[in-house]
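Below: one structure, written as structure tokens.
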There are 2 protein chains.
Amino acid sequence: MARLEQETKKKKPFDLPSQEVVLNVLRSNELFQHRFGQLFREFGLTQPQYNALRILRGEGGPLPCLEVASRMIAVVPAITRLLDKLNARGLITKLQDDKDRRVWNAKITPKGLELLAKLDAPIRDMYRALCGHLTKSESKQLVSLLEKARDRVSSVTL
Amino acid sequence: MARLEQETKKKKPFDLPSQEVVLNVLRSNELFQHRFGQLFREFGLTQPQYNALRILRGEGGPLPCLEVASRMIAVVPAITRLLDKLNARGLITKLQDDKDRRVWNAKITPKGLELLAKLDAPIRDMYRALCGHLTKSESKQLVSLLEKARDRVSSVTL
DNA sequence: TGCATTTACTTTACATATCAACTATTGTCA
DNA sequence: TGACAATAGTTGATATGTAAAGTAAATGCA
């Protein structure tokens, strides 16, 4: 793996620093996601499915569907279908709220917890294999720069 | 936008620096991609479609389908469909190679070039709006850390 | 020459992202 | 109270990512 120009056989150098930043983020993501996708598939999950389960495990109790969606980047219709599938597989339950009958609360099941538990170690290993070669100081710096890079996203309008 | 713990209402702090790095890359990507997706859609394109067109414009001449795929991260079947759609819309042509009849060469059409040209300015603006607030030195550092972060990806095995 | 292998795609099937349009329930306010 | 708006979610249609299996043409090699 090397510079983005080489990886993509780009002919002209980047003329815009911000362009180079964005494209490097996208590229890094693609590579990381690809690896995690393979790992999840071995356990019969996809990344969004894993994320939803992880969020529900982190929460402990039931969580409205839209709240799950907002903690992922997911758009609403995607969450409906995703949670329905997890529900169909018995990894979560989906129950109508007593107080507000518009709300459906998702909750991870013991079966879901069990599956997640099996994934914990391999995922830790994957994190380390992918980025464990960065020093602590580099990691900190990278995270902090990415946070700063994301800083303006919400204020960008079309 | 803020720290990832707040964005996702994470309850426990990160125990693994490499995990925090990876998750920050994924999150940044989601936010950036979301914005670019909206922009491309205004012009009737998707991100992969735009990428393929951009690669073909950069190349100038015809390029085998698989070469386009390899410069994106795209898996092969995806490229077939994608290029077929661009072809159907007259944005590229797809012609069988004379020498090696297994090969199909894609080439951007004037209509495709015209569409890309309309996107150039808005995309530049988007890059700047998203990451123009980083200083040159921060951008350089971020790019270089991301390059280092990607360094191990290809050697990670499941 | 002829057959197995490799290469360059294509097809199929399933999961997700996205927008638009729709249903059901709740809240607001004249 | 009764209409209108807002909220929570679902459904439909199109596009992409991904694996698996298939097709067609070129290559390797006995």
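Protein chains get the first letters and strands the later ones, always in sequence-line order, with residue 1 at the start of each.
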Problem set entry | Approximate separation, where rounding is to 0.5 Å, of A/Gln49 CD and A/Leu83 CG | 10.0 Å
Problem set entry | Distance, nearest 0.5 Å, that separates CG of B/Leu146 from CG of A/Leu142 |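 Rounded to the nearest 0.5 Å, the CG-CG separation comes to 5.5 Å.
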Can you measure [X] atom [atom1] to [N] atom [atom2] for me and round it to whole angstrom units?
X       : N      : atom1 : atom2 : answer
A/Phe36 : D/dG17 : CZ    : C1'   : 18 Å
A/Arg35 : D/dA19 : CZ    : P     : 11 Å
A/Leu53 : C/dA15 : CG    : P     : 15 Å
A/Leu45 : D/dG17 : CG    : P     : 21 Å
B/Glu42 : C/dT18 : CD    : C1'   : 14 Å
B/Asn29 : D/dG17 : CG    : P     : 12 Å
A/Phe40 : D/dG17 : CZ    : P     : 19 Å
B/Leu83 : C/dC9  : CG    : P     : 10 Å

Exercise. Between B/Asp97 and B/Lys99, is there a side-chain N and carboxylate O pair less than 4.0 Å apart?
Worked result: no
Exercise. Does a side-chain N-to-carboxylate-O contact under 4.0 Å join A/Lys118 and A/Glu114?
Worked result: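 Salt bridge absent between A/Lys118 and A/Glu114.
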Exercise. DNA chain D: A/Arg41 or B/Thr46, which has the more 5' nearest nucleotide?
Worked result: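 Its nearest nucleotide lies further toward 5', so the answer is B/Thr46.
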Problem set entry | Close aromatic pair by centroid cut-off 6.0 Å: B/Tyr127 and B/Phe32 |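 Centroid distance B/Tyr127-B/Phe32: not below 6.0 Å, so no.
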For this session: Would you indicate what A/Gln47 reaches in the nucleic acid, counting non-hydrogen atoms under 4.0 angstrom: base, sugar-phosphate, or nothing?
Result: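 Answer is nothing: A/Gln47 stays at 4.0 Å or more from every strand.
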Problem set entry | Annotated protein contacts, base or backbone, on nucleotides 5-12 of chain D with a non-hydrogen cut-off under 4.0 Å, one of B, S, - each | -BBSSBBB
Exercise. Checking side chain to side chain donor-acceptor pair (under 3.5 Å) for the pair A/Ser18/B/Arg128: CA distance, chi angles, key distance, verdict?
Worked result: CA-CA 6 Å; A/Ser18 47; B/Arg128 272 196 280 251; over 6 Å; no
Do any side-chain nitrogens or oxygens of [X] fall under 4.0 Å of OP1 or OP2 in [N]?
X       : N      : answer
B/Gln49 : D/dT16 : yes
B/Lys85 : D/dT16 : yes
B/His34 : C/dA17 : no

For this session: Treating Ile, Leu, Val, Met, Phe, Trp and Tyr as nodes and any side-chain heavy-atom pair under 4.5 angstrom as an edge, say whether B/Leu63 and B/Leu113 lie in one connected cluster.
Result: yes
